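Below is one structure, written out as C-alpha cells, with a few remarks after it.
In what follows, residues are counted from 1 in the order of the sequence shown. Predicted, not measured: the structure shown is a model, and the values here were computed from it.
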Amino acid sequence: MRNTDNNIFERLKKGETISSNDNEAYKMREASFATKKLLVEMNNATNPAEIRNLLSQITDTVIDESVTVFTPLYINYGKHTKIGKNVFINFDCVFLDLGGITIEDNVLIAPKVSLLSEGHPIEPTERHSLNVAPIFIKKNAWIGANATILQGVTIGENAVVAAGSVVSKDVPDNCIVGGIPAKIIKEI
C-alpha cells in the first residue's frame, strides 16, 4: 500500500519500493531529465569551480572547493547524493542515487566506478518496480577503476575496493576487497 503523505522522493529516501504504476512514478523521469540538462553543462565545462558549482546545483548541496571531479560524471537524480570534503571523482563515473549516496571526506573514486543505489525486484511481474537502498562510502576509502557498488552497501573507513570488483555486501573498515562478488583479500 502506497503512503500518500510523502512525495515520491521522500518515499525513496525512506527505502520504499516504487511500483511501476505508482501515480508519481513519472516524477522520477522528469527529475532525471532536469538533472541531465545540468549534466550536459557540467560535463562540457573545463573550469573546476564551474564544475563544482553545477554539481552543487545538481545535488542541491554546497560542494566544497577541495572536491575535484573529472568529467564526465553521470547522475540520474542528484539530490540524494552527499559529497564530503577532499573527495576526488575520476572520469566516467555513474551515480544512480534515488536510494541515496553518501561519500564522506577524503574518498578517492577511480574512473568508470558505478554507485548503484537502485535495483529491481527479481519477480518478473514486479520487475519494473524500483527497489532502493543507500550507499555509504566512509572516510578515506578508495574505490578502484571500474568497480560497481550495489544498493545498500557500506564501504568502511580506509577500505580499498579493487578495480573491477562488484560489491554486494558491506566492506569492513581497514580492509581490501576484490572480485565478483567482492570478498575480503586482506586487512590493512
Side-chain angles (χ1 to χ4, degrees), residues 9-10 12-15 35 38-39 41-43 45-118 132-178 182-188:
F9 299 105
E10 291 168 347
L12 284 161
K13 240 181 159 173
K14 291 177 181 175
T35 298
L38 289 168
L39 279 175
E41 265 187 86
M42 184 183 80
N43 286 333
T46 57
N47 180 299
E50 184 181 356
I51 291 168
R52 281 191 302 275
N53 177 47
L54 288 161
L55 187 55
S56 293
Q57 291 176 55
I58 290 166
T59 61
D60 201 24
T61 64
V62 174
I63 301 296
D64 191 78
E65 67 182 24
S66 64
V67 171
T68 301
V69 177
F70 284 179
T71 55
L73 171 64
Y74 303 99
I75 302 175
N76 67 331
Y77 178 56
K79 296 190 178 10
H80 290 174
T81 294
K82 305 296 174 230
I83 299 172
K85 295 179 180 175
N86 199 36
V87 170
F88 179 78
I89 300 170
N90 216 321
F91 299 101
D92 243 358
C93 292
V94 174
F95 295 1
L96 299 185
D97 76 327
L98 285 170
I101 295 172
T102 301
I103 301 168
E104 292 186 346
D105 297 345
N106 302 309
V107 168
L108 299 173
I109 298 180
K112 297 188 182 296
V113 167
S114 295
L115 304 179
L116 311 176
S117 72
E118 307 164 19
V132 296
I135 291 172
F136 292 98
I137 302 177
K138 292 187 177 180
K139 291 179 184 173
N140 209 39
W142 173 21
I143 312 299
N146 210 32
T148 299
I149 312 300
L150 298 178
Q151 66 188 72
V153 169
T154 296
I155 306 296
E157 194 167 324
N158 302 315
V160 176
V161 175
S165 299
V166 176
V167 185
S168 58
K169 294 185 177 169
D170 290 353
V171 175
D173 294 349
N174 304 303
C175 282
I176 299 173
V177 299
K183 297 187 180 342
I184 296 174
I185 295 171
K186 70 185 240 181
E187 292 183 21
I188 301 171

Legend entry - Spatial distance of atom OG (Ser114) from atom CD1 (Ile143) [nearest 0.5 Å]: 11.5 Å
Inset, instruction - Output the distance between atom OG1 (Thr71) and atom CD1 (Ile89), rounded to the nearest 0.5 Å. - result: 11.0 Å
Legend entry - Non-hydrogen side-chain atoms of Leu96 and Leu98 separated by less than 4.5 Å: no
Legend entry - Non-hydrogen atoms of Gly99 and Ser117 that approach each other most closely: N-OG, 2.9 Å
Inset, instruction - Over all heavy atoms of both residues, which pair between Asp170 and Thr154 is shortest? Give the atoms and the distance, please. - result: OD1-N, 2.9 Å
Legend entry - Atom NZ of Lys79 with >12 non-hydrogen neighbours under 6.0 angstrom: yes
Inset, instruction - Measure the CD1-OG1 distance between Ile58 and Thr35 for me, rounded to the nearest 0.5 Å. - result: 6.5 Å
Inset, instruction - Enumerate the residue pairs fulfilling side chain to side chain donor-acceptor pair (under 3.5 Å) with a member in residues 48-57, sequence neighbours excluded, ordered by first and then second residue. - result: none
Inset, instruction - Write down the atom of Val132, the atom of Leu12, and the distance for their closest heavy-atom approach. - result: CG2-O, 3.3 Å
Inset, instruction - To the nearest 0.5 Å, tell me how far Asn90 CG sits from Ile109 CD1. - result: 10.0 Å
Inset, instruction - Sequence neighbours left out, what passes ring-ring contact (aromatic ring centres under 6.0 Å, His included) with Tyr77? Give chain and number order. - result: Phe9, His80
Inset, instruction - Identify the heavy atoms of Ile184 and Pro172 that sit nearest to each other, and give their distance. - result: CD1-CG, 3.9 Å
Legend entry - Pairs meeting criterion side chain to side chain donor-acceptor pair (under 3.5 Å) with involvement of residues 138-148, two or more places apart: Asn140-Asn158
Legend entry - SB check Lys85 Asp105 (cutoff 4.0 Å): no
Inset, instruction - Compare every heavy atom of Ala147 with every heavy atom of Ala162, then report the nearest pair and how far apart it is. - result: O-CB, 4.1 Å
Legend entry - Nearest atoms (heavy-atom pairs only) where Val177 meets Ser165: O-OG, 4.0 Å
Legend entry - Heavy-atom check, side chain of Ile103 versus side chain of Phe95, under 4.5 Å: yes
Legend entry - Minimum side-chain heavy-atom gap Asp92-Lys112 below 4.5 Å: yes
Legend entry - Beyond-backbone contact of Leu55 with Ile75, side-chain heavy atoms, under 4.5 angstrom: yes
Legend entry - Stepwise side-chain contact (heavy atoms from CB on, under 4.5 Å) check, Ile137 with Leu115: CA-CA 10 Å; Ile137 302 177; Leu115 304 179; 3.8 Å; yes
Legend entry - Non-hydrogen side-chain atoms of Pro134 and Thr102 separated by less than 4.5 Å: no
Inset, instruction - Taking the side chain as every heavy atom from C-beta outward, state whether Asn76 and Asp97 have any atom pair closer than 4.5 Å. - result: yes
Inset, instruction - Would you check, one step at a time, whether the test side-chain contact (heavy atoms from CB on, under 4.5 Å) holds for Ile176 with Lys186? - result: CA-CA 5 Å; Ile176 299 173; Lys186 70 185 240 181; 3.8 Å; yes
Inset, instruction - Report yes if the side chains of Asn43 and Tyr74 come closer than 4.5 Å at any heavy-atom pair, otherwise no. - result: yes
Legend entry - Separation of Ser168 OG from Lys183 NZ (nearest 0.5 Å): 8.0 Å
Legend entry - Ile63 and Val69, any side-chain heavy atoms less than 4.5 Å apart: no
